[in-house]
Amino acid sequence: MSAVLQVEGLRKHFVSRKGFPKPRTVTVRAVEDVSFTIAPGEAFGLVGESGCGKSTVARALLRLVEPDAGRVLYRGEDLSTARGDALKALRRKLQIVFQDPYSSLDPRQSIGSALVEPMRVHGIADGAEARRRAAALLEEVGLPPAALDRLPHEFSGGQRQRIGIARALTVEPELIIADEPVSALDVSVQAQVLLLLKELRQRRGLAFLFVSHDLSVVRWFCDRVAVMYLGRIVEEGPASRVLADPLHPYARMLRDASPIPDPSRRAELPRILGEIPSAANPPSGCPFHPRCAQAMEVCSREMPRWTALAGQGGVACHLHG
Ligand code: SF4
């Protein structure tokens, strides 16, 4: 079956002027040559430490930040070059759920209006029919239809995230980009929102790009996963393999630092070694080499090539070249 989403060689650099009295140009290489595909109904996880570029990838797919290079294909149609109505039609099929539901809702706009607006803009429904659909969507995400006439500040964080999910569903998307969708919520609420996302995925056959720093959540939610480090994918494959038995030393470090449900093993967990380097001044060769316990002489000189693993994804590391 053809991919819902195909990302090829995505790149995004942020250029700014910094310093006083002699400002200099600083280039932050947020995303470098990122490629992956997502199949219909598949949940694909993008994981890594804060600042690794995963949220920039999510935004660049929808051109909320304009990529510098690469292609993003939705069912073969190129989002990166689409304009006007063609872009609008493609964006309808890919919807994003943000980390902070409050900042993505207009505090002066009623929930009903926030849900009806996208349906009207995309010509799906208007007037009483749009309001009826909005009420049904609220019920589907576990909120009463009476919420239509209330304002965002009248809801808790978890309820606001449910509203954000309902709003994403108003335009009947095929793929949801969930950018750290529960990390701003209380732990007690996180599981409920994750369960809702999983139910929606199954009921509606939705595909997901699930961006998270939390490996245990990704392990539970995703079919496949890519691990990002300093703007690049360093390992990709079935979530069951990558998160249980990763090959890349960075992916192993992340796995070992992730809480696991076996209390007897927690005491043995090593801490993540060192700080993530600046994407404005990435190390030579393999960008992970200053933190890698298995680094060899070649690692500081040469960027490792991508090595495909039969049916199991791939890895970028000289140990597996
Ligand atoms: Fe470590 Fe070298 Fe592999 Fe990079 S290429 S992860 S430094 S072993």
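Note that ligands are numbered from 1 as they come in the structure, with each ligand's atoms numbered from 1 the same way.
- For ligand 1, the atoms sitting less than 4.0 Å from at least one non-hydrogen atom of L319 are 8 (S), numbered in the order shown with element in parentheses.
- Residue side and main chain included, C317 places an N/O/S atom under 2.8 Å of atom 3 (Fe) of ligand 1.
- Remark: minimum distance from atom 2 (Fe) of ligand 1 to any protein heavy atom is reached at C299 SG, 2.2 Å.
- Applying the 4.0 Å criterion to heavy atoms of H248 picks out, from ligand 1, the atoms 6 (S).
- Neither side chain, Q192 nor Q190, offers a donor N or O lying under 3.5 Å from an acceptor on the other.
- R224 places no side-chain N or O within donor-acceptor distance of the main-chain N or O of G45, the cut-off being under 3.5 Å.
- Those atoms of ligand 1 that come under 4.0 Å of a heavy atom in Q294, given as number and element, are 8 (S).
- Looking only at protein heavy atoms, the nearest one to atom 1 (Fe) of ligand 1 is C292 SG, 2.4 Å.
- More than 12 non-hydrogen atoms from other residues, nucleotides or ligands lie less than 6.0 angstrom from CZ of R301.
- Between K12 and E32 there is no salt bridge, since no side-chain N of the basic residue sits under 4.0 Å from a carboxylate O of the acidic one.
- Look at C286 and atom 4 (Fe) of ligand 1: an N/O/S atom of the residue is under 2.8 Å from the metal.
- A donor-acceptor pair under 3.5 Å links the side-chain atoms of H320 to the main chain of L247, judged by distance alone.
- Of the protein's non-hydrogen atoms, H318 N, 3.2 Å is the one closest to atom 5 (S) of ligand 1.
- Ion pair R71/E8 flagged as a salt bridge, since at least one NZ, NE, NH1 or NH2 atom sits closer than 4.0 Å to an Asp/Glu carboxylate oxygen.
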